[in-house]
Amino acid sequence: MLPESLREDFPALRRLRNGRPPVYLDSACMSLKPEQVISAMLEYYRSFPACSGYGRSAHWFAEEVSDATQHARERVAAFIGASPEEVVWTKNATEAINLVAKSLRLRRGEVVLTSDREHNSNLIPWLELEKRGVRHEVVPSRQDETFDLDALQELLTPEVKLVSVVHVSNLDGYALPVREIAELAHDNGSLVLVDAAQSVPHRRVDVEELGADFLAFSVHKMLGPSLGVLYIREGLEGELEPFIVGGDTVADSWYDSAVYLPSPRRFEAGLQDYAAQIGAAAAADYLERLGMREVERHERRLTEHVLRMLGELEGVRFVGVADPELASGIVSFRLEAEGRSLVAPSDVAEMLDARYNIMLRAGDHCVHSWFNARGIGASGSVRASFYVYNTLRECELLVEGVEKVLEVERGG
């Protein structure tokens, strides 16, 4: 397990309510931030809060911004096994996926394939493209909710231009076999986009090993600020038209035309969030010091612990894949008996927060399509998600809290 002493790096965990610290189990939505990241960002605001020198200001503050942000690009690129020129800054992973959807030259009749467990951010952009004749098709899961490579193979036709899949599901932590998916897609002549928002923060990710042509993730889920990253494999930047254009995307312009800068800057319009980029580098440094393989092992132990203990409680039904060999870092569940809901997921989350300081998420987790297809609907599930600062004791507190909720429901 990772040392509990690292919790001292996270100021939010020092807060008390009713004399108790928070049990923060909502990192799949937003991770907490360590002092090292906060300090790096504050240093920009305190010492050189200026524009970058790239095409903008020409003074020593600007030079410091340019140096710091170039280092950040190099650092984050190395974190995923990419080169700096392959990394584009975006507002978040949602914008990164939209950049590909809006910029890739998809034509009428061409097909985009996704899995049936995609976050809305990797579903709705493709549905929007159907308005201009691009087709969207879904690869159905097996009965055990794991990915079906045979079903993918059957759907891969010459019309499939792109296969866009989540790496690790935000529903249950299940990791799709992305490398095998990419091999099948490439054999078909299709490109591959990977939504890595729930994998890059929690495990070692190498874009070349995965076989990704495009990869999107959010820094705010990996101990950093609100910022997104889009990886574009070298040589593919010419396949994309700039999505948002204007300042800093062009080398020159006239009243009737413009010459765009090379990637990545042609995709980074306007003033950038320099502090966030610097914070992203600090977050990558922090995780590298912990060791990504150790981060993954730590979360897997916590997941195993929670699945085992919750599984012993009568009335707990897991949602999605609940096998620690296949899914890690997230546990989704409902309180049911004989197919009837005992306590609504939203009520469970509210009760655990109010009574026990346990912070969870409840609802559809932006995977409405998955719940609707299975007849679960808007109530969704309770989701506990773990990260480097969580402990076995916090897992036990979660289970104790759920047990108390069940006792109250049954009049105990």
Side-chain angles (χ1 to χ4, degrees), residues 1-2 4 20-28 117 141-146 168-175 198 202 295-365 367 370-371 374-376 379-412:
M1 298 288 286
L2 291 170
E4 287 195 27
R20 296 195 301 265
V23 178
Y24 189 79
L25 301 177
D26 195 21
S27 294
R117 53 166 58 236
S141 293
R142 295 190 186 99
Q143 196 162 1
D144 64 359
E145 299 296 356
T146 60
V168 172
S169 171
N170 77 313
L171 169 71
D172 52 10
Y174 169 62
Q198 298 293 344
H202 303 283
V295 169
E296 184 178 2
R297 281 193 289 267
H298 176 78
E299 293 180 16
R300 198 168 296 280
R301 292 187 190 107
L302 298 180
T303 306
E304 290 173 351
H305 203 52
V306 169
L307 286 173
R308 179 179 57 78
M309 291 190 298
L310 279 181
E312 295 172 354
L313 300 182
E314 185 179 351
V316 173
R317 193 192 78 142
F318 295 116
V319 173
V321 177
D323 181 348
E325 294 299 317
L326 301 174
S328 178
I330 296 174
V331 174
S332 284
F333 63 93
R334 293 168 57 84
L335 302 186
E336 293 183 351
E338 299 178 352
R340 178 182 63 86
S341 175
L342 294 172
V343 188
S346 58
D347 291 339
V348 175
E350 289 174 9
M351 292 168 68
L352 291 175
D353 176 45
R355 300 181 185 183
Y356 308 109
N357 261 12
I358 299 171
M359 300 180 180
L360 304 163
R361 182 164 175 163
D364 291 289
H365 320 301
V367 198
W370 189 93
F371 284 98
R374 286 150 183 81
I376 299 175
S379 62
S381 68
V382 183
R383 186 184 73 183
S385 52
F386 317 109
Y387 209 10
V388 296
Y389 33 70
N390 293 123
T391 66
L392 287 174
R393 178 53 187 154
E394 288 182 319
C395 294
E396 292 164 358
L397 290 171
L398 167 65
V399 177
E400 291 171 12
V402 172
E403 192 169 18
K404 289 289 175 68
V405 170
L406 286 168
E407 286 178 3
V408 169
E409 171 60 26
R410 289 166 175 154

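- Taking the six-membered ring for Trp and the full ring otherwise, His202 and Tyr387 have centroids separated by under 6.0 Å.
- A pairwise comparison of heavy atoms in Arg20 and Arg355 identifies NH2-O, 2.7 Å as the closest pair.
- Contact of the Glu350 side chain with the Asp347 side chain is registered, since non-hydrogen atoms from C-beta on lie closer than 4.5 Å.
- Contact record, Val316 with Leu406: CG2-CD1, 4.3 Å, taken as the closest heavy-atom pair.
- In this structure, Cys395 and Phe386 approach most closely via the heavy-atom pair SG-CE2, 4.3 Å.
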From CA spacing to verdict: side chain to side chain contact (heavy atoms under 4.5 Å, CB included), Leu398, Leu360: CA-CA 10 Å; Leu398 167 65; Leu360 304 163; 4.1 Å; yes
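- The distance from the OG1 atom of Thr391 to the NE2 atom of His298 is 7.5 Å, given to the nearest 0.5 Å.
- Closest of all the heavy-atom pairs between Ser381 and Val319 is CB-CG2, 3.9 Å.
- For Arg383 and Asp172, the salt-bridge test fails: no basic side-chain N is under 4.0 Å from an acidic carboxylate O.
- No donor-acceptor pair closer than 3.5 Å links the side chain of Ser346 to the backbone N or O of Ala362.
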Side chain to side chain contact (heavy atoms under 4.5 Å, CB included), that's the test. Do Val348 and Met351 meet it? Break it down for me. CA-CA 5 Å; Val348 175; Met351 292 168 68; 5.9 Å; no
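- Scanning both residues, Val402 and Leu335, for their nearest heavy atoms gives CG1-CD2, 4.0 Å.
- Looking at Asn170, its side chain does come within 3.5 Å of a backbone N or O of His365 through a donor-acceptor pair.
- Residues Leu307 and Val331 form a side-chain contact, since some pair of their non-hydrogen atoms from C-beta on lies under 4.5 Å apart.
- More than 12 heavy atoms of other shown residues, nucleotides or ligands fall within 6.0 angstrom of atom CD in Glu312.
- Considering CG of Leu310 and CD of Glu403, their distance stands at 10.0 Å, rounded to 0.5 Å.
- Closest heavy-atom contact between Tyr24 and Glu394: N-OE2, 4.3 Å.
- Checking side-chain atoms of Thr303 against main-chain N and O of Glu299 turns up a donor-acceptor pair under 3.5 Å.
- Of the possible polar contacts, one joining the Gln198 side chain to the Ala28 backbone as a donor-acceptor pair under 3.5 Å is found.
- Rounding to the nearest 0.5 angstrom, the gap separating the CG atom in Asp323 from the CD atom in Glu145 is 13.5 Å.
- Distance check: Ser341 OG to Ile376 CD1 gives 11.0 Å after rounding to the nearest 0.5 Å.
- Note: His305 NE2 to Leu392 CG = 5.0 Å, rounded to the nearest 0.5 Å.
- With a 6.0 Å radius and a threshold of 12 heavy atoms from other residues, nucleotides or ligands, Glu396 has its CD atom above the threshold.
- Atom OG in Ser141 sits 8.5 Å away from atom CH2 in Trp370 (nearest 0.5 Å).
- The existence of a salt bridge linking Arg300 and Glu304 is excluded, since no basic side-chain nitrogen approaches an acidic carboxylate oxygen closer than 4.0 Å.
- We find that Lys404 and Glu407 are not joined by a salt bridge, their nearest charged nitrogen and carboxylate oxygen being 4.0 Å or further apart.
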